[in-house]
Number of protein chains: 2
Amino acid sequence: MGRKPTGRPTSFDIAYAAGVSQPTVSRALRGDKSVSEKTREKIRQIAQDLNYTVDKNASSLRSQRSNTIALLFFEDPTPDQSMINPFFLGMLGSITRACANRGLDLLISFQQMEDDWHVQYQDSHRADGLILLGYGDYTLYRERLDQLEEQGTHFARWGSVSMDSSGATVGTDNVQAGRLAGEHLISKGRKGIAFLGHAGEQYPEFAGRYSGLCEALKSAGIASDKSLQYDAITTEEAGYAAAKALVESGQSFDAVFAASDLIAIGAMRALAEAGKRVPGDVAVVGFDDIPAASLTTPPLTTIMQDVRGAGEALVETLLAQVEGRDLPPRKLPGKLIVRGSTGG
Amino acid sequence: MGRKPTGRPTSFDIAYAAGVSQPTVSRALRGDKSVSEKTREKIRQIAQDLNYTVDKNASSLRSQRSNTIALLFFEDPTPDQSMINPFFLGMLGSITRACANRGLDLLISFQQMEDDWHVQYQDSHRADGLILLGYGDYTLYRERLDQLEEQGTHFARWGSVSMDSSGATVGTDNVQAGRLAGEHLISKGRKGIAFLGHAGEQYPEFAGRYSGLCEALKSAGIASDKSLQYDAITTEEAGYAAAKALVESGQSFDAVFAASDLIAIGAMRALAEAGKRVPGDVAVVGFDDIPAASLTTPPLTTIMQDVRGAGEALVETLLAQVEGRDLPPRKLPGKLIVRGSTGG
DNA sequence: TTTCACAATGTGAACGTTCACTGTTGTTTT
DNA sequence: AAAACAACAGTGAACGTTCACATTGTGAAA
């Protein structure tokens, strides 16, 4: 179980074996065109035989580029232990893939809002840039974002695109997606559509979804009723509470558009307890299409965000920024997934 | 959006400002006792004022220690895109936390079985060690593990502890957990207990769970019936297929112990389609306690693995190995979570 | 033939730390 | 009072690359 007695080989060893100078080895392995095809191939072969790999630390130190990006998750101070929003976990997968495709390494870290994450990674040269992921109260981290920007840190974030953009942003077109949900419910003959989710500017994504819903209602000539909007952050508990409040208010409604699947799942629980049948009495639409959405009874109709596209877009946007060309913010369309909770 | 015109400060700048030599700065910031309390504090203060952080690359290069570990997920060649086993995602969270507590950075990467992951990370000095995560056919990657070990790579893996251990291993005590599940079902009066999951040595974890079940049956004086064991890998589809085969076989059974929650969920779907009621006709127990387990109807009774403990144990074991002291393999107990699928 | 350009490699330094020593002081021991 | 020893700080080198520039050889243009 001990370590190899002999140290691992360096580029000098390869150089010696190949009968060239050490920098030539470096050039060859990077695929530099100024090394002849022949020597390049020879060096590659020797490197492989000797089991040599470039030392990333030395490389990064000298070139001032780590080919690594850091992924920072953050949520409101997590109440319980480690219940991470499943949607972001899907995102993690797609970002990982996007990085792998480009030969980038990915550092990951979960952050509490209070931490001073804003200084750590890029400054210590661990990463060339940051990807920021997380719902939550926008106003809370707005300040940090500005600070990042001021520091000249490269970052891309997932979130609401519509806000006066702080840095490079990629997000779902929440208004379009909200409209999609609204139109679907309306097409099912529903008119009293409640919205569960914050609609204030602290939660611009939710607000976008709500205004999309309102647009759909308006287009259909239905008056939207502000009293049918109930605040909820993105947890199952919040959804349960909001739906319960809705039911107990005595207002009449025949559909619920939840700002996230977790909210929707909580809401369905509350509706069931209140004796409301889904979709008979109340149709329910969620948002995100998390894995659990297809496992509820009835299965949840929801808006799927383009997770795969998002990962690609985030990495691409960040990379562009690192290389000095800023890309415009990008909105990805949502897609309606029809399941049982709206009557199939 | 441009970069700071002036380069970021180095330890020399701090040294100059503090009126000491540069290595003293390095020592002070590492908390070296050989720097007097006074100067240490002074240097800390100046560093903070100047917004200085230690360059991780230089530090790692010189000290030959990256304070980073790499987390490698791998599964059987993923059929569809990025459906990652939710259980491992929970694990990711706990490992992240365990790393953060120790000031370690975490690199993550998803691997196809075919890739040559076994050489990459530690050799290039990106990471001090590897954590390997993934179910799957053991025989498939067994060879790679041996290779890693031979290379002197430090790694810890999550998996079956009982096998002739390749390297440092942490895992759930599958036999104990299986017994727990069996005892619970027996206490509910069930006697015809089917097991859905591979029981061969390619899947030692599943096999352990099965033998735990058999132990429980034996202790209760019930003969275990090998024909009630159906192979299934850990997906919802596999669970569906296995349960369907079970039903169609015409054998009588009144309980199902699934080797994973996904299998259980698939099985419940098949049972529902076959007109069997859960838990009335058939009680169901899963394994893992993934988030979706509490959202099914009825909610799924399951065995919870100690995810938090696992993350801690893996990181600790790995760290020990890096520091030259090998820790023995570790088994963590499973915990029964009783929900509706076994009658509450 | 001379000249210039270009392709291919070599040379020396630099990236920003940490390591192993060497010097200082000032305090204790005998 | 000399010797011994801490406690603290400084000096020079080293980690393994990549960079900027200098050097060589070769063939085409003059």
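Sequence lines set the chain letters: A, B, ... in the order given, protein chains first and strands last, and positions in each chain run from 1. Quick caveat: nothing in here was measured; it's all calculated off a predicted structure.
Rounded to whole Å, the distance from CG on A:D13 to P on D:dC15 is 12 Å. Put simply, CG on A:D55 is 6 Å from P on D:dT17, counting in whole angstrom units. Straight-line distance from the CZ atom of A:R27 to the C1' atom of C:dT9: 6 Å, rounded to whole Å. Rounded to an integer number of Å, the gap from CG of A:L61 to P of C:dT17 is 9 Å.
Between C:dT17, D:dG16, D:dA9, one nucleotide has an atom nearer to the side chain of A:A58 than all others, and that is D:dG16. Proximity note for B:Y52 (side chain, C-beta onward) versus D:dT17, C:dG10, C:dT17: the nearest is C:dT17. Ranking C:dG10, D:dC19, D:dG16 by closeness to the A:P23 side chain, first place goes to D:dC19.
A salt bridge does not link B:E312 to B:R330: none of the charged side-chain nitrogens sits closer than 4.0 Å to a carboxylate oxygen.
Evaluation of the side chain to side chain contact (heavy atoms under 4.5 Å, CB included) rule for A:R65 yields A:S63, A:N67, A:D128, A:V322, A:E323 as partners, not counting sequence neighbours. The side chain to side chain contact (heavy atoms under 4.5 Å, CB included) check on A:R44 picks up A:L29, A:R40, A:E41, with sequence neighbours excluded.
Across all strands shown, A:S59 has heavy atoms under 4.0 Å from sugar-phosphate atoms exclusively, and none from any base. Heavy atoms of B:R30 sit under 4.0 angstrom from primed sugar atoms or phosphate atoms, though from no base atom. Looking at heavy-atom distances under 4.0 Å, B:K33 makes contact with sugar-phosphate atoms alone, never a base. At the heavy-atom level, B:Q64 lies under 4.0 Å from the strands shown only through sugar-phosphate atoms.
When the side-chain nitrogen and oxygen atoms of B:S11 are compared with OP1 and OP2 of C:dG16, none of them lie within a distance under 4.0 Å. An OP1 or OP2 oxygen of D:dG10 is reached within less than 4.0 angstrom by a side-chain nitrogen or oxygen of B:T24.
With DNA chain D read from its 5' end, the first of the two nearest nucleotides for B:S36 and B:S63 is the one closest to B:S36.
Applying a 4.0 Å cut-off to non-hydrogen atoms, none of the residues of residues 38-50 of chain A approaches DNA chain D.
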